[in-house]
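The structure appears right after this line, and notes come after that.
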Amino acid sequence: MGFCKVCEKQARVTNTAYDAKHIQCDECGDFIISYEALDKLNEETKHILSVLLRERKIHKRSKVAIFSDRPVEVQSDSHSVVTLKEILNAFPRNVSERIDRTLLNLVTTSNHPGDKIKVSMEIITLIFTKTGKIDEMEFLLSQLVSDKLVQGSPYVNGEITVSVKGWNRVAELQSQLNRKESDQAFIAMWFDPSMNSAADAIMRAINEAGYKAIRIDKKEHNNKIDDEIIAEIKKSKFVVADFTGHRGGVYFEAGFGMGLGKPVIWICREDSLGDLHFDTRQYSHIVWKNENELYTDLLNRIRATID
């Protein structure tokens, strides 16, 4: 036994063969984290990571192996490889989403409607606070009480219960997710014959992750191509955009997907990386040298970041 390197609670900690710790924690779940990634954490990002890991655990999402940068040599059948930046980017950026995801956590961990939850530091990683401080936790819980989604005392040592309105709100959120749910992924890339092997690797990774890959060049239709592209992106759960060759259409399709709120997975072959447009260079790209590397890294990214 030892202590979780993220939440600092008692956990089973073992060494791995690649400068990382394998941690099995009752709070954060089963995950791997490299020493280099741990060194990059500060007090705030360590707390944010603990919130995101606990959310993954209680909602039974895939296990992750977290590295500072994408490692070339590491492959895992049990854990999806993800960078620290990628997983931290999953933290909601606005308060309303933080409140919704807090409510989902409270319902998921409730044994039954009417179950009482004691307000204490034990539940702080269920609450989407950025700081891990009591006053921020009490503020978010107070807002849930004010919205009548939770009832009771939202202050430390008080007790709260998810209200009927709260349970109905969760049902509404889950219904929205189900309506938005799609098993389709749109591929935006340069469909030149020189890219056939890369396209096959992208399709294999998407299919292996449990989604249906859509290549517009392979779809039979009678519509204008741009109308068909827009329609298929709207129907897709996420977009995989490979910028090798720097085709204008790929930039448009990735931007359109982002505008719709779709997750975009950014990809570029190593020899094309230097020519990326400055508007997109800021995003974390999967940089690949060969098709096997592309397949493995894309499969891991989908499993780690697409719910």
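All values derive from a computational prediction rather than experimental measurement.
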With a 4.5 Å cut-off on side-chain heavy atoms, are [Y] and [X] touching?
X      : Y      : result
Ile160 : Gln151 : no
Val82  : Arg301 : no
Ile117 : Ile123 : yes
Asn157 : Lys118 : yes
Trp190 : Asp242 : no
Gln143 : Leu140 : no
Glu159 : Val119 : no
Tyr211 : Lys237 : yes

Separation of [Y] [atom2] from [X] [atom1] (nearest 0.5 Å):
X      : Y      : atom1 : atom2 : value
Lys63  : Ile32  : NZ    : CD1   : 9.0 Å
Leu53  : Ile23  : CG    : CD1   : 9.0 Å
Ile216 : Met189 : CD1   : CE    : 14.0 Å
Asp297 : Ile267 : CG    : CD1   : 9.0 Å
Ser194 : Asn196 : OG    : CG    : 7.5 Å
Met137 : Thr129 : CE    : OG1   : 8.0 Å

Is the [atom1] atom of [X] crowded by more than 12 outside heavy atoms at less than 6.0 Å?
X      : atom1 : value
Phe139 : CZ    : no
Tyr155 : OH    : no
Lys234 : NZ    : no
Asp192 : CG    : yes
Lys9   : NZ    : yes

Taking all atoms of both residues into account, what is the closest heavy-atom pair of [X] and [Y], and its distance?
X      : Y      : answer
His22  : Phe31  : CD2-O, 3.5 Å
Ile206 : Ala185 : CG2-CB, 3.8 Å
Leu126 : Asn105 : O-ND2, 3.0 Å
Val239 : Ala188 : CG1-CB, 4.4 Å
Ala37  : Ile66  : CB-O, 4.1 Å
Lys130 : Arg98  : N-NH2, 3.7 Å

Show, in sequence, the C-alpha distance, side-chain angles and deciding distance for Glu86 and Thr305, and conclude whether the side-chain hydrogen bond (donor to acceptor under 3.5 Å, both in side chains) test is met.
CA-CA 8 Å; Glu86 287 165 357; Thr305 62; over 6 Å; no
Please confirm whether the backbone N or O of [Y] pairs with a side-chain atom of [X], one donor and one acceptor, at under 3.5 Å?
X      : Y      : answer
Glu8   : Phe3   : no
Ser272 : Cys268 : no
Lys21  : Leu38  : no
Ser50  : Cys7   : no
Thr244 : Arg269 : yes
His47  : Lys133 : no
Thr45  : Asn42  : yes
Gln184 : Ile214 : no
Ser163 : Lys148 : yes
Thr83  : Asp69  : no

Examine [X] and [Y] and state if one hydrophobic cluster contains both, with Ile, Leu, Val, Met, Phe, Trp and Tyr joined whenever side-chain heavy atoms are less than 4.5 Å apart.
X      : Y      : result
Phe128 : Leu106 : no
Leu144 : Val156 : yes
Val107 : Leu141 : yes
Ile87  : Ile306 : no
Ile286 : Ile202 : yes

Looking at Arg169 and Asp100, does any basic side-chain N land under 4.0 Å from a carboxylate oxygen?
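Salt bridge: yes.
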Quick test of your reading of the model: are Glu232 and Lys235 salt-bridged, counting only N-O distances below 4.0 Å?
yes
Should Leu52 and Arg101 be marked as a side chain to side chain contact (heavy atoms under 4.5 Å, CB included) after you check the CA-CA gap, both sets of side-chain angles, and the distance that decides it?
CA-CA 10 Å; Leu52 293 168; Arg101 283 167 69 174; 3.9 Å; yes
Passing option when Trp266 is tested against Tyr283, Tyr251, Trp288 for ring-ring contact (aromatic ring centres under 6.0 Å, His included):
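For Trp266, the ring-ring contact (aromatic ring centres under 6.0 Å, His included) check succeeds only for Tyr283.
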Applying salt bridge (charged side-chain N to carboxylate O under 4.0 Å, His left out) to Arg204 and Glu291, what does each step give before you reach the verdict?
CA-CA 11 Å; Arg204 283 194 299 117; Glu291 288 74 18; over 6 Å; no
Could you give me the CA-CA distance, side-chain angles and deciding distance for Met203 and Lys212, then say whether side chain to side chain contact (heavy atoms under 4.5 Å, CB included) is met?
CA-CA 8 Å; Met203 292 188 72; Lys212 180 175 69 174; over 6 Å; no
Yes or no on side chain to side chain contact (heavy atoms under 4.5 Å, CB included) for Thr296 and Val81, after CA distance, side-chain angles and deciding distance?
CA-CA 9 Å; Thr296 301; Val81 177; over 6 Å; no
Quick one: do Val64 and Ile33 satisfy side chain to side chain contact (heavy atoms under 4.5 Å, CB included)? Show the steps, please.
CA-CA 8 Å; Val64 289; Ile33 188 163; over 6 Å; no
Please report the C-alpha distance between Ser68 and Lys40 in whole Å, then the side-chain angles of each, then the deciding distance to 0.1 Å, and finally whether the side-chain hydrogen bond (donor to acceptor under 3.5 Å, both in side chains) criterion is met.
CA-CA 8 Å; Ser68 175; Lys40 288 193 173 182; 2.8 Å; yes
Check whether the ring centres of Phe186 and Phe238 lie less than 6.0 Å apart, and answer yes or no.
no
Should Arg54 and Glu27 be marked as a salt bridge (charged side-chain N to carboxylate O under 4.0 Å, His left out) after you check the CA-CA gap, both sets of side-chain angles, and the distance that decides it?
CA-CA 6 Å; Arg54 191 168 186 184; Glu27 187 156 306; 3.8 Å; yes
